[in-house]
Amino acid sequence: MTRLAIAHKAVNLSQGFPDFPAPAEIKRAAQDAIAADINQYAITWGSKNFRDAIAEKFLATTGILIDPEREITVCCGSTESIMATMMAVINPGDEVVLFEPFYENYGPDAILSGATPRFVKLHAPDWSFDPEELAAAFGPKTKAIILNTPNNPTGKVFELAELETIRDLCVKWNAFAITDEIYEHMLYDGAKHISIVTLEGMRERTITINALSKTYSVTGWRVGWAVAPPDVSVAIRKCHDFLTVGAAAPLQEAGAVALKFPAEYYEKLATDYAARRERLLGILTNVGFKCFKPRGAYYIMTDISAFGFQDDVAFAKYLVTDIGVAAVPGSSFYRNPADGRTHLRFTFCKTEKTFQAAAERLAKLTTIGSSAR
Ligand SMILES: Cc1ncc(COP(=O)(O)O)c(C=O)c1O
């Protein structure tokens, strides 16, 4: 959709990357690191400064003391962290439980690592799951569940009771929880982020994935990490070594600076995103989208039934070419495209200028009957 948006000069509300500057301090720290000639390979599993800073932040956010020498692997973004983790823990024939709609990469990650995905639905409007459906997806072949909270694309923030249900199944079936917490600081309406690793019985079976990308508005830097028990980390480090050798050395040094930002940085991040969420909710609701209000992350899932298109992809293409706004078709978040046919996802990690342009273009949109399409 980003490529289509560029081709049609559309306002891009599809891919989740900020169109505003990264914090000056993190940019300066990267420039300083390059000037100081930190330009050669870092230690494969991450520079010491960066791993120490990750351990410090992990302690602050979860209350858990981890060993930066044995429990952290720095990778090229959370994308590689998840892939290296899955390659490390999965054997061909293993099953992996996935909630759907899901962040697009998880399906291919399962295929590349040789896992058979077992899908469990999150049901609108609150994106809750049926505990019985989840229990039925687990079995003797289950190696892991992939969790993403706060969630892309739904904006769901998993509650303690839901995480306890997941925990009980992981313990019962001796499965890992691979948890992608890249949006941990983007929370609204008093929502609280709970890391499943903090639940009793989960410390030794959780791999927590995170990255600089979203929290510090540097999606192009490609720096992320996996926190895992020592024996699992040994395997993740091997996979990571053969996949990419290491993440960008100077950017890890800048990451070490960023991870020490004071609490106010994260408070302001959440407040700013809450305002952007309101802005985009207003724009979309005004022109006829039914919005599922997100409690976390920076996306709005919408229902497009009012526009009369049979197909989310056709509607997304129409929006880009005729209206000039890009969004992601809902079907890309489902195994069976038909399940996402009435959905479109917009992102609000954008500036007021972008919102203004989107509002002007979307004003041309009409909610006319399906027979016209
Ligand atoms: C849930 C989720 N995980 C991972 C990523 C990719 O993260 P990274 O840039 O760290 O590879 C994204 C990007 O949109 C995402 O939404």
* Asked: When you look at CH2 of Trp221, are more than 12 heavy atoms from neighbouring residues, nucleotides or ligands closer to it than 6.0 Å?
  -> yes
task: Assess the pair Phe99 and Phe158: is the distance between their ring centroids shorter than 6.0 Å?
output: yes
Applied to residues 242-278, the ring pair (Phe, Tyr, Trp, His ring centres under 6.0 Å) test, sequence neighbours excluded, yields His185-Tyr266, Tyr216-Phe261, Tyr216-Tyr265, Phe261-Tyr265, Tyr273-Tyr298
What about Ile194 and Leu187, same hydrophobic cluster or not, with Ile/Leu/Val/Met/Phe/Trp/Tyr joined at side-chain heavy-atom distances under 4.5 Å? no
Practice task
Could you tell me whether Lys48 and Glu69 make a salt bridge, using a distance below 4.0 angstrom between a side-chain N and a carboxylate O?
Solution key: yes
- Is it true that a side-chain atom of Thr215 and a backbone atom of Leu212 form a donor plus acceptor pair closer than 3.5 Å? no
**Prompt:** Using 30° and 60° as the class limits, which term best fits the ring planes of Phe289 and Phe346: parallel, tilted or perpendicular?
**Reply:** perpendicular
*Hey, do the aromatic rings of Tyr334 and Phe119 have their centres closer than 6.0 Å?*
no
(Q) Are there over 12 heavy-atom neighbours, none belonging to Arg335, within less than 6.0 Å of that residue's CZ? (A) yes
Under a single-linkage definition using a 4.5 Å side-chain heavy-atom cutoff for Ile, Leu, Val, Met, Phe, Trp and Tyr, are Met202 and Leu163 assigned to the same hydrophobic cluster?
yes
Report task. Could you tell me whether Glu95 and Lys143 make a salt bridge, using a distance below 4.0 angstrom between a side-chain N and a carboxylate O? Result -> no
task = Examine distances only and state if a side-chain atom of Arg118 and a backbone atom of Val96 form a donor-acceptor pair shorter than 3.5 Å.
result = no
Original post:
Can Glu181 and Lys214 be counted as an ion pair, charged N to O under 4.0 angstrom?
Top reply: no
Lys156 bridged to Glu162 by N-O distance under 4.0 Å: yes
- Query: Taking 4.0 angstrom as the limit, do Lys121 and Glu100 come out as a salt bridge?
  - Reply: yes
query: In terms of ring plane angle, is the pair Tyr103 and Tyr106 parallel, tilted or perpendicular, where the classes change at 30° and 60°?
result: perpendicular
Margin query: Starting from Ile54, can I reach Ile209 by hopping between I/L/V/M/F/W/Y residues whose side chains sit under 4.5 Å apart?
Written below: no
query: Quick check, are the ring centers of Tyr299 and Tyr183 under 6.0 angstrom apart?
result: yes
Checklist entry - Got a salt bridge between Arg277 and Asp189, using NZ or NE/NH1/NH2 to carboxylate O under 4.0 Å? => result yes
- Identify whether NZ of Lys or CZ of Arg in Arg276 sits under 6.0 Å from the centre of the six-membered ring of Phe20 and within 45° of that ring's axis. yes
- Could you check whether the rings of Phe50 and Trp225 sit parallel, tilted or perpendicular, using 30° and 60° as the cut-offs? perpendicular
Please tell me whether Ile304 and Val287 are part of a single hydrophobic cluster in this structure, the criterion being side-chain heavy atoms less than 4.5 Å apart. yes
Is the closest basic N to carboxylate O distance between Lys260 and Glu25 below 4.0 Å?
-> no
Any sub-3.5 Å donor-acceptor pair from Gln356's side-chain atoms to Glu352's backbone N or O? no
